[in-house]
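Read through the structure below, which is laid out as structure tokens, and then see the notes.
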Amino acid sequence: MAKPKRVYQSWKGNNKFLLDGRLIFGPDAKSLIITFTLILVPVVIFCVFVASNLAHKFTTGSIGYAILVLAVVFTKYVLFLLLSTSTKDPGIVPRNSHPPEEVSGYDSSASIDVGKPLPRTKEIIVNGLPVRVKYCETCMLYRPPRCSHCSVCNNCVERFDHHCPWVGQCIGKRNYRCFFLFVSSTALLCVYVFSMSALYLKLLVDDYGTAWKAIKVSPASVALMAYCFVSLWFVGGLTGFHLYLISRNQTTYENFRHRGLRGDNRINVYYRGCMNSFLEVFCSKIEPSKNNFRGYVHEGASKTSKGGNIQVTEVDISDEDRRVKVEDDLEIGDDLMKISQRRNSQDIGDIRGRGSDRSPISRSELDFGFGLESQFSSRSESRHSGW
């Protein structure tokens, strides 16, 4: 009798697994090598050519060596956050083996007999307000609120933020905290290396009298300062951008779709105040993974999703509606770098809540929690069928 396969061995997504399913990566996990190199090489140069020499400039030896030790420890912490982000299940929703059997207000048997597809949307209540969720034809389930299907990993991910090619993984509900800490810690590491390199260069100028002679003695200091300055525009700006998103309880994906629509009066049904938004990200308990990748696959076992008391709203079924939703997640990852540079020149302090001056809530503004569906659907008709 053949030994049954484990879940990760028959996984339908594009993920890669290591250590018998204990570690899960995205399909572009090789990009981690580049990210590791961009972090490790400058730190090694700093420790060898700057920190070790800087230690001898202080009369108290412990202070000088503390600079070297702090750089090593901080780098290990950054790399740990990078691995935690890229090897953790971001919040993948287990896909069904067949379409849902029950949807309140919809006859599923008629769909099977006639070949009629399931309703593309149905309505649920979030924080007392109605929100429409979409049906994913790939995963054969109705996506939870704020869930989206990543076209790179081919999975539905809860609280989908974006697919980050630098960490080779989706950023979602279960690894967003690690991702933010990684980005912000990398920005602090850039500031630290830049500051210590500038300090060492200043001490050399005091010793040799001119900046040119100091640069000739330690060209590594100048190179590190230039590298950290450029890097800080990216990771520093990205940190500011995500602080802005956290304060509004918004994801990158929601922000990009929101900015792509006309008007600014959008209702965010997930926003409960700036302080609560930060507490939700940094202090809430991370839910366990819904996937047991090391479990065995049971042949013939089927998993269904029940509609419960969820009521079907609009049913707009056509041949074009059966197309698979594909999101340009890698483009979002690239555009984040452009936004991060702009965020550096803006004042993050003008972030404020959106509760007091909102206009009366309309039904169209509540679609998908941000008033997206009603206007986005009309725009998508004129675009290529990539959604």
Side-chain angles (χ1 to χ4, degrees), residues 12-13 15 24 88-106 108 118-163 169-177 179 245 248-258 267-272 276-277 280-281 284-293 303-314 324-327 329 332 366-373 376 387:
K12 294 182 179 180
N15 303 89
I24 176 173
K88 182 180 294 185
D89 176 5
I92 299 174
V93 180
R95 62 182 68 195
N96 289 337
S97 57
H98 55 74
E101 294 180 353
E102 293 183 7
V103 177
S104 180
Y106 184 78
S108 61
L118 287 169
R120 286 185 56 81
T121 63
K122 63 181 179 180
E123 189 176 89
I124 64 173
I125 301 299
V126 176
N127 295 331
L129 298 173
V131 174
R132 286 196 297 171
V133 295
K134 276 188 175 182
Y135 177 75
C136 178
E137 296 182 0
T138 303
C139 300
M140 291 184 287
L141 53 83
Y142 283 97
R143 301 170 189 158
R146 315 190 82 174
C147 175
S148 186
H149 191 91
C150 175
S151 60
V152 180
C153 295
N154 195 26
N155 296 311
C156 279
V157 179
E158 287 189 283
R159 203 183 186 277
F160 177 77
D161 191 85
H162 69 287
H163 183 93
Q169 181 65 283
C170 283
I171 307 302
K173 184 177 183 179
R174 298 190 67 253
N175 64 349
Y176 181 80
R177 183 186 303 172
F179 170 77
L245 292 179
R248 298 182 61 188
N249 200 343
Q250 197 176 27
T251 66
T252 302
Y253 181 68
E254 293 165 350
N255 181 269
F256 270 62
R257 292 186 65 182
H258 171 80
I267 302 301
N268 184 351
V269 301
Y270 310 105
Y271 181 74
R272 294 180 297 173
N276 289 330
S277 299
E280 179 181 340
V281 172
S284 61
K285 183 180 178 180
I286 299 178
E287 297 180 2
S289 174
K290 296 182 179 180
N291 301 277
N292 182 14
F293 297 111
K303 185 175 182 179
T304 61
S305 100
K306 304 295 183 180
N309 56 1
I310 298 174
Q311 300 295 322
V312 177
T313 53
E314 294 186 38
V324 179
K325 177 178 177 290
V326 178
E327 294 133 350
D329 305 313
I332 291 180
L366 297 176
D367 293 342
F368 293 101
F370 288 91
L372 299 174
E373 175 65 10
F376 184 79
W387 291 95

Minimum side-chain heavy-atom gap [X]-[Y] below 4.5 Å:
X	Y	answer
Lys88	Phe179	no
Val93	Cys147	yes
Val157	Gln169	no
Asn154	Lys12	no
Tyr135	Pro99	yes
Phe293	Asp89	yes

query: With distance as the sole criterion, is a donor-acceptor pair present between the side chains of Glu280 and Asn249 under 3.5 Å?
result: yes

task: Apply the test side chain to side chain contact (heavy atoms under 4.5 Å, CB included) to residues Val126 and Tyr270: give CA-CA distance (whole Å), side-chain angles for both, the deciding distance (0.1 Å), then the verdict.
output: CA-CA 8 Å; Val126 176; Tyr270 310 105; 3.6 Å; yes

field: Side-chain donor/acceptor of Arg177 to backbone N/O of Ser284, under 3.5 Å
entry: yes

Quick one: [atom1] on [X] to [atom2] on [Y], what's the gap to the nearest 0.5 Å?
X	Y	atom1	atom2	result
Ile171	Arg159	CD1	CZ	12.0 Å
Ser277	Arg248	OG	CZ	10.5 Å
Gln250	Asp161	CD	CG	10.0 Å
Lys173	Ile286	NZ	CD1	11.0 Å
Asn155	Asn15	CG	CG	5.0 Å
Asn291	Ile92	CG	CD1	6.0 Å

Where is the tightest heavy-atom contact between [X] and [Y], given as atom of each residue plus distance?
X	Y	value
Glu123	Pro130	CD-CB, 3.6 Å
Arg143	Ser148	CD-CA, 4.3 Å
Met140	Asn96	O-ND2, 2.8 Å
Pro90	Cys170	CB-O, 3.4 Å
Val133	Pro145	CG1-N, 4.1 Å

field: Which residues share a side chain to side chain donor-acceptor pair (under 3.5 Å) with Arg174, sequence neighbours left out
entry: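 Here no residue qualifies.
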
